[in-house]
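Here is the structure we will look at, set down as structure tokens.
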Amino acid sequence: MMPVLAAPPSARTRPRPLAEAASRCAIRFDEVLLAAERLARWRIGATVAYRPLSDESPCRVAQHLLTSLAPLAGLRSNAQLLVHVAALGYDRALLREVLQAARAAGVAVTLDMTVPERSEALLACAADLRPGHDGLGLTLSCDRDRSLDEADSACALGLRLRLVQERRADTGAGRRASADAFARMVAQVAGRAGHVTLVCHDPQIVTDSLERLRAAGTPVALELLPELPHQGVLWVARTHHLPIRSCVGYGRAATPFGPSSRAPRVLWWSTLSNSLGTLLPMAGHA
């Protein structure tokens, strides 16, 4: 039997460079447009976010956002833009350029908090950008020590609020702590914020928050994240005629994908495909 010889180095399979691997699993913008159009058939709005690759400059990120505005404005899904301020380097000039173009296109913008340690920088940006940009939104976590103070500042600025439940505990005590933190945040902004979007997949929390906000006369909507369970909150939204959105992103994939994982391009639909019976045939967009 002849020995099996190793292939020469030039013939061996070489690992793909990180940049190439990232680009292969990146979600394209046209896929997001398709997702938003299909969501619109179920009267679900789209919150669109661009997730930059690791080597992209703030100027490059801003260019992606600017070129996305005209197509987003033409969608039936009442698309909104979620801007990762950290990816723009907290650069006021770039942010103003994006906001001015979004206002001209009629696309609402929400500033996202992707680096919690820089929440002061984010609030400073929001304070500088708010004059002249009515309807500007801000993302706040409900689970951090400074969340209530940040909510006070955001309400004083007249910002729309996007409240996110980040803590997803496995224990009963942890779930109660997360629910209590969310309830405190809702109580803090009820009757003060011009509009609140709940980013939460706990049906009871959504129900309690909805009742509190509506009792205070605060308009409220629900936003889904692709990777979390959604059947329960969809049912709450349907029965309470609550406007609903779905967050869809392009660029870098939000989660790692192995050989057996679904392709990133289908994530937006896989989150809803098994729950069509609980979608919202009667609810409007937020």
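Only this structure's heavy atoms are used, side chains among them; waters, hydrogens and symmetry mates stay out.
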Strictly distance-based, threshold 3.5 Å: is any side-chain N or O of [X] a donor or acceptor partner for the main-chain N or O of [Y]?
{"X": "S209", "Y": "V186", "result": "no"}
{"X": "T218", "Y": "R214", "result": "no"}
{"X": "S147", "Y": "S141", "result": "yes"}
{"X": "R184", "Y": "A179", "result": "no"}
{"X": "E56", "Y": "L53", "result": "yes"}
{"X": "H201", "Y": "L225", "result": "yes"}

Looking only at heavy atoms, what is the nearest atom pair of [X] and [Y], with distance?
{"X": "C125", "Y": "V85", "result": "SG-CG1, 4.2 Å"}
{"X": "L213", "Y": "L198", "result": "CD1-CD2, 4.1 Å"}
{"X": "L159", "Y": "A126", "result": "CD1-CB, 3.9 Å"}
{"X": "C142", "Y": "L163", "result": "SG-CB, 3.7 Å"}
{"X": "A193", "Y": "L161", "result": "CB-CD1, 3.9 Å"}
{"X": "A87", "Y": "P52", "result": "CB-CG, 3.6 Å"}

Going by distance alone, is a donor N or O of one side chain under 3.5 Å from an acceptor N or O of the other, for [X] and [Y]?
{"X": "R245", "Y": "T47", "result": "yes"}
{"X": "S77", "Y": "E37", "result": "no"}
{"X": "S178", "Y": "Q165", "result": "yes"}
{"X": "D152", "Y": "Q188", "result": "yes"}

- Message: When you group the ILVMFWY residues by side-chain heavy-atom contacts below 4.5 Å and let the links chain together, are L82 and L122 in the same group?
- Response: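 No, because L122 and L82 fall into different hydrophobic clusters, even though each may have its own neighbours under 4.5 Å.
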- List for me each residue that meets ring pair (Phe, Tyr, Trp, His ring centres under 6.0 Å) alongside F182, sequence neighbours excluded, and say none if there are none.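 Not a single residue meets the ring pair (Phe, Tyr, Trp, His ring centres under 6.0 Å) criterion with F182.
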Just verifying a value: how many Å separate [X] [atom1] and [Y] [atom2], rounded to the nearest 0.5 Å?
{"X": "M113", "Y": "R162", "atom1": "CE", "atom2": "CZ", "answer": "11.0 Å"}
{"X": "L140", "Y": "R146", "atom1": "CG", "atom2": "CZ", "answer": "11.5 Å"}
{"X": "R130", "Y": "L111", "atom1": "CZ", "atom2": "CG", "answer": "11.5 Å"}
{"X": "R160", "Y": "T139", "atom1": "CZ", "atom2": "OG1", "answer": "9.0 Å"}
{"X": "L34", "Y": "R28", "atom1": "CG", "atom2": "CZ", "answer": "10.0 Å"}
{"X": "D112", "Y": "C247", "atom1": "CG", "atom2": "SG", "answer": "7.5 Å"}

- Not counting sequence neighbours, list each pair that qualifies as a ring pair (Phe, Tyr, Trp, His ring centres under 6.0 Å) and has a residue in residues 48-98. Y50-H64, Y50-Y250
- Task: Take L224 and V199, measure what side-chain contact (heavy atoms from CB on, under 4.5 Å) needs, and give me the verdict at the end.
- Result: CA-CA 6 Å; L224 299 175; V199 186; over 6 Å; no
- Give the C-alpha distance, both sets of side-chain angles, the deciding distance and a yes or no for side-chain contact (heavy atoms from CB on, under 4.5 Å) between R96 and D128. CA-CA 10 Å; R96 284 195 177 91; D128 288 347; 4.1 Å; yes
- Criterion side-chain contact (heavy atoms from CB on, under 4.5 Å) on E150 and E120, from CA distance to verdict: CA-CA 9 Å; E150 292 166 351; E120 289 186 358; over 6 Å; no
Compare all side-chain heavy atoms of [X] with those of [Y] and state whether any distance is below 4.5 angstrom.
{"X": "L222", "Y": "V206", "value": "yes"}
{"X": "D91", "Y": "P58", "value": "no"}
{"X": "P226", "Y": "V248", "value": "no"}
{"X": "V83", "Y": "L65", "value": "yes"}

- Is the count of non-hydrogen atoms from other residues, nucleotides or ligands lying under 6.0 Å from R92 atom CZ greater than 12?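 Yes, because the 6.0 Å sphere around CZ of R92 holds more than 12 heavy atoms from other groups.
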- Query: Got a sec: does the CZ of R212 have more than 12 other heavy atoms crowding it under 6.0 Å?
  - Reply: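 Atom CZ in R212 is not packed in, count stays at 12 or less.
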- Could you walk me through whether V196 and V189 pass the side-chain contact (heavy atoms from CB on, under 4.5 Å) check? CA-CA 8 Å; V196 172; V189 304; 4.0 Å; yes
